[in-house]
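Protein chains get the first letters and strands the later ones, always in sequence-line order, with residue 1 at the start of each.
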Amino acid sequence: MRWSKYYLPTYKEVPKDAEIPSHQLMLRAGMIRMLTSGVYSFLPMGYRVLRRVETIVREEMDRTGAQEVQMPVLHPAELYEETGRLKNFGEILFQLKDRRARLFALGPTHEEVVTDIARAEIKSYRQLPQTLYQIQTKFRDEFRPRFGVMRAREFMMKDAYSFHASDESLHDTYAAMAGAYRRILERLGLEGVQVQAESGAIGGDINEEFIVLADAGESVMFRCASCGYAANDERAVSLGPAMLEKELSAKMENVATPGQHTVDEVSAFFKVSKQRLVKTLLYKSKWRDIAVLVPGDRELNEVKLAKALDDPDVRPMTPEEVEALTGAPVGFAGPVGLKAIIIADELMNAYDGMIVGANAADAHLRGVKMGRDFKPERTAPLSTVVAGDRCASCGKGELQLQRGVEIGHIFKLDVKYSKAMRATFLDQEGQEQPFIMGCYGFGVSRAVAAAIEQHYDERGIRWPKALTPFHAVVTPLNLNDESTVGAMERVYAELKAAGFDVLLDDRDLRPGPKFKDAELIGVPMRVTLGERNLKDGNCEIFYRLDDRTDVVPLADAVASVRRYYEA
RNA sequence: CGGGGCGUAGCGCAGUCCGGUUAGCGCGCCUGCUUCGGGAGCAGGAGGUCGGAGGUUCGAAUCCUCUCGCCCCGACCA
């Protein structure tokens, strides 16, 4: 490819609407351009990288025996009514109507479509298991698209779906997919972690995420250094803080606390740590009033609450509802004497002598004991884990917080979709059974951004070998010099003949801009042709990742490139 | 959806508070000459519905109203 003819518009300056490194660099390196919020074109160089990811994902899927298909993007809404997800997905689902006013959706994922395919043809356990996958554009009307292709409304995803007659068979495929994902990450040159997760709108109980470590990532996970436990923030549980204060006096008394609403204010007022306080958070769940208790030094995790109550629609009370229930303004709610179902974070079992709101304006209760002064209906893991907590899995290690990008998510769906959609087969006994299913997503376009988050420096992108759009860029320094032009054509032709993807920087620019651009777009090797070395029959090989330069005979340029990529 | 910020040339910005010739700067782009190992110099040049609509005014990028778009924080989410 000749750079002078290649559509590769680079920016010297940082676009003002891009916040994180991958977004800035994808724009600056001419990989993507925005059409509208959360919707991007991939320009030639970006598309090359995207295809590299696709190829690796495809190869690893095929290796597991999964079969590639291409399903529609346009889905009739009735399909989602069968599974209840028309409502469940809510506003995430892009919806549109055809000319006869029939409702359609742009596919956010394909469980319904693939289940519809399977139920039409798979009738016997003898036809199982089967795994189908596709690499395709997905549409989700995100609440807040951001960070370029990292969280886009239109994005490229690989999604696979498996159908089984038994749990064992599902387990095998699930494990095979997990293995495939680990290989994909390795081949892409990405450092990732497999973590326990929550399933969200997809459903199913057992599921794991693959998180690529990155400071700019939106996912938060906790890992135990001593036992290997790893879970995302929605799922992670702990034994609480390593050190827990014990209060000796445990006599309940009412204390006037004028104007002290927040945890910070109240803990300052009593001159105690936040561990001594209890947050009483009031929720409405299926028309019931719920009081949720969590330690003052941590946050309630609403995902955990929804799971504990088995109510995805649980919501915080409005200030008016809070006042109606407690008889006090927001900030003074407490469990003692409250007419609500009390559900306490399980860490509360270890806490003692707590400070709670008194359900009266400007008053708190001190020395409150759970079980004596109030009785929770039950306890459950509700609060968020805090870095430094003791690991619940081994009881010894400390949980460490790490950020990353969710790149893959695999689920055991069980019969959630097959049952709802009456997708059944006959088992060995002639009994009709719903398919046991799994589904396995991988964010292809997101992987490109994640790779950049892990591989960049102040000068630009530093592509891993497997992802680079070009193996080498050939950079002649003076196009007015005949020997330079001759050498450039020769090296370019030789590299192409050897099967490498080469970018020839034949633009009539001075060396500076050429070097800067080459480093910005992140090609790992640069073959520099300048008169200084050429007069001795030499060229320079610059290695972007090592920031190292070798001078080698011109005739060895191809061998150098080959050596680099074969290493 | 709540809070905040920003829309002026391809990119980055000034000008807006306090209205006043032909709306500026840097980079990029075009032409010519010189230059050619880390974003060159000189000379000349092109490029703008000042996001849009309406209003106030003798006069609007600037003031008022409405509206659209983009970004950030939050809620929420694969």
Given [options], the nucleotide with the shortest approach to the side chain of [X]:
{"X": "A:Arg459", "options": "B:C71, B:G38, B:C70", "result": "B:G38"}
{"X": "A:Phe147", "options": "B:C71, B:C73, B:C77", "result": "B:C73"}
{"X": "A:Arg526", "options": "B:G38, B:C76, B:A78", "result": "B:G38"}
{"X": "A:Arg140", "options": "B:A78, B:G74, B:G37", "result": "B:A78"}
{"X": "A:Thr528", "options": "B:C71, B:G37, B:C77", "result": "B:G37"}
{"X": "A:Arg146", "options": "B:G39, B:C72, B:G37", "result": "B:C72"}

message: Within residues 503-518 of chain A, which residues have any heavy atom lying less than 4.0 Å from an atom of RNA chain B?
response: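 Here the set is A:Arg510, A:Pro511, A:Gly512, A:Pro513, A:Phe515, A:Lys516, A:Asp517.
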- request: Using heavy atoms and a sub-4.0 Å distance, could you list which residues of residues 1-23 of chain A are near RNA chain B? By number, please.
  value: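 A:Tyr11, A:Lys12, A:Glu13, A:Val14, A:Pro15, A:Lys16, A:Asp17, A:Glu19, in order of number.
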Considering every strand shown, what is the Watson-Crick or G-U wobble mate of [N] when both distances are under 3.5 Å?
{"N": "B:G48", "result": "none"}
{"N": "B:C63", "result": "B:G55"}
{"N": "B:C6", "result": "B:G69"}
{"N": "B:C33", "result": "B:G41"}
{"N": "B:G74", "result": "B:C1"}
{"N": "B:A23", "result": "none"}

Rounded to the nearest angstrom, tell me the gap between atom [atom1] in [X] and atom [atom2] in [N].
{"X": "A:Asn301", "N": "B:C77", "atom1": "CG", "atom2": "C1'", "result": "13 Å"}
{"X": "A:Arg151", "N": "B:A75", "atom1": "CZ", "atom2": "C1'", "result": "13 Å"}
{"X": "A:Leu477", "N": "B:U35", "atom1": "CG", "atom2": "P", "result": "17 Å"}
{"X": "A:Tyr161", "N": "B:A78", "atom1": "OH", "atom2": "P", "result": "14 Å"}

- prompt: Can you find a side chain N or O atom of A:Thr109 that sits less than 4.0 Å from OP1 or OP2 on B:A78?
  reply: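 Indeed not, no polar side-chain atom of A:Thr109 lies that close.
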message: Check this one for me: any side-chain N or O of A:Ser37 less than 4.0 Å away from OP1 or OP2 of B:C71?
response: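 A:Ser37 to B:C71 OP1/OP2: side-chain N or O found under 4.0 Å.
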task: Answer with yes or no after comparing the ring centroid distance for A:Phe470 and A:Tyr6 against a 6.0 Å cut-off, counting only values under it.
output: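 Under 6.0 Å, so yes.
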- prompt: Using the benzene-type ring in the case of Trp, are the ring centres of A:His110 and A:His75 under 6.0 Å apart?
  reply: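 Ring-ring flag for A:His110/A:His75: true, centres closer than 6.0 Å.
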Might you list the N or O atoms of the protein lying below 3.5 Å from N or O atoms in nucleotides 43-45 of chain B, with each pair's distance?
none

field: Sub-4.5 Å side-chain heavy-atom contact between A:Thr115 and A:Glu112
entry: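 Contact flag for A:Thr115/A:Glu112 side chains = no.
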message: Would you measure the distance from the C1' atom in B:C29 across to the matching atom in B:A46 and give it in whole Å?
response: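 Straight-line distance between the two C1' atoms is 8 Å.
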message: Using atom P in both nucleotides, what's the gap between B:C50 and B:A61 to the nearest angstrom?
response: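 Going atom to atom, P in each nucleotide, I get 7 Å.
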query: Between CZ of A:Arg153 and CD of A:Glu142, what distance do you get to the nearest 0.5 Å?
result: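 It is 9.5 Å, given to the nearest 0.5 Å.
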- prompt: Rounded to the nearest 0.5 Å, how far does CD1 of A:Ile92 lie from CZ of A:Arg85?
  reply: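 Atom-to-atom, A:Arg85:CZ and A:Ile92:CD1 are 12.0 Å apart.
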When we call it a touch if two heavy atoms are under 4.0 Å apart, what does [X] touch: a base, just sugar-phosphate, or nothing?
{"X": "A:Glu302", "result": "sugar-phosphate"}
{"X": "A:Glu142", "result": "base"}
{"X": "A:Gly441", "result": "nothing"}
{"X": "A:Met34", "result": "sugar-phosphate"}

message: Test your reading of the model: is there a side-chain donor-acceptor pair from A:Lys419 to the backbone of A:Lys416, 3.5 Å cut-off?
response: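 No, A:Lys419 side chain to A:Lys416 backbone: no donor-acceptor pair under 3.5 Å.
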query: Does NZ or CZ of A:Arg446 fall inside the cone over A:Phe210's six-membered ring, less than 6.0 Å from its centre and within 45° of the axis?
result: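 No, A:Arg446 does not lie over the aromatic ring of A:Phe210.
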